[in-house]
Amino acid sequence: IVNFLDDNTLQGAIGNNFSLAEVVIADDTTLDAGNNIIKATFITLGTTSNLIADTTTLNLGTGTVTGTIRGFADGKGTVQFSGATNTLGGNVGTTSNSLAEVIIGSGNAVTGGTFNIDALAVTLDSSSSLTLSSGSITGATAIGNSASLTFSGSGNLNGAATLDTSATLT
């Protein structure tokens with residue numbers, strides 16, 4: 001288990017050759033993974049059930065996270081995709097450990113394939129895209145200006161969707 005107790009920026013991969021059991025990001029802490037990979041069975045955001053003003057955040061660039069990203073408690077933690085492209089390597093949020101928010105930054109593209117996203121809020125900023133095949137999204141989803149959410153197979157959206165100008169949902 002690797003614990004991040006303060007804000008950190010990764011300088012290399014975590015669990016590159018050997019997957020870890022868990023990576024834990026403490027309450028009100030930000031881990032900026034940049035373009036580095038993380039391989040762990042679980043990547044847990046937060047260390048308590050306190051949801052008031054929690055700012056636990058995992059920032060991801062182009063590095064793939066292999067494993068399940070989850071909140072310590074249901075509705076805890078934020079994952080922000082800020083790399084030009086990213087491919088999910090595991091579920092982002094779970095039924096009993098959803099995240100507070102998943103954000104795909106402006107102009108970024110995320111491919112989810114068969115993996116699921118479970119968060120109270122999912123935001124696709126302007127000109128961003130999210131493509132899922134059999135993966136599903138659970139949570140209120142906001143699709144920004146010229147952004148797109150595409151289900152290329154049996155995936156689905158479980159929650160309300162709000163579409164901005166020129167946004168697409170297919």
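Note that these values count all heavy atoms, side chains included, but never hydrogens, waters or copies made by symmetry. Residues take their numbers from the sequence shown, with the count starting at 1.
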How far does [atom1] of [X] sit from [atom2] of [Y], to the nearest 0.5 angstrom?
X    : Y    : atom1 : atom2 : answer
L31  : F4   : CG    : CZ    : 5.0 Å
R70  : T44  : CZ    : OG1   : 3.5 Å
I143 : L124 : CD1   : CG    : 6.0 Å
I104 : S127 : CD1   : OG    : 13.0 Å

- Message: E101: which residues meet the side chain to side chain donor-acceptor pair (under 3.5 Å) condition with it, sequence neighbours left out?
- Response: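 For E101, the residues satisfying side chain to side chain donor-acceptor pair (under 3.5 Å) (neighbours in sequence not counted) are T123.
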Hey, is the main chain of [Y] close enough, under 3.5 Å, to the side chain of [X] for a donor-acceptor pair?
X    : Y    : value
N97  : T94  : no
N86  : V110 : no
T141 : G139 : yes
N36  : A33  : yes

Looking only at heavy atoms, which two atoms of [X] and [Y] are closest? And how far apart?
X    : Y    : value
S134 : S154 : CB-OG, 3.4 Å
A167 : G144 : CB-O, 3.3 Å
S152 : T131 : OG-CG2, 4.4 Å

Looking only at side chains, do [X] and [Y] share a donor and an acceptor under 3.5 Å apart?
X    : Y    : answer
N35  : T62  : yes
S106 : S126 : yes
T41  : E22  : no
D74  : S98  : yes

- Taking D118 as the fixed residue, which of V92, T95, V102 is the one that meets the side chain to side chain contact (heavy atoms under 4.5 Å, CB included) rule?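 When V92, T95, V102 are each tested with D118, the side chain to side chain contact (heavy atoms under 4.5 Å, CB included) holds only for T95.
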Is there a side-chain contact between [X] and [Y], using heavy atoms and a 4.5 Å cut-off?
X    : Y    : answer
L99  : I69  : yes
L169 : F151 : yes
L88  : I117 : yes
I38  : T66  : no
I1   : N3   : yes
V65  : L60  : yes
I137 : L132 : yes
F72  : L45  : no

Indicate if [X] and [Y] have the same hydrophobic cluster label, given that clusters are the connected sets of ILVMFWY residues with side-chain heavy-atom separations under 4.5 angstrom.
X    : Y    : result
V2   : L5   : no
F42  : L10  : no
I37  : L20  : no
I103 : F115 : no
L120 : L58  : no

- Query: Under a 4.0 Å N-O cut-off, is there an ion pair linking K76 with D27?
  - Reply: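 Answer for the salt bridge query: yes.
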Using residues 155-166 as the side-chain source, report each donor-acceptor pair under 3.5 Å to any protein atom, sequence neighbours left out, with the distance given to one decimal.
{"residue": "N156", "atom": "OD1", "partner": "S136", "partner atom": "OG", "Å": "3.2"}
{"residue": "N156", "atom": "OD1", "partner": "N158", "partner atom": "ND2", "Å": "3.1"}

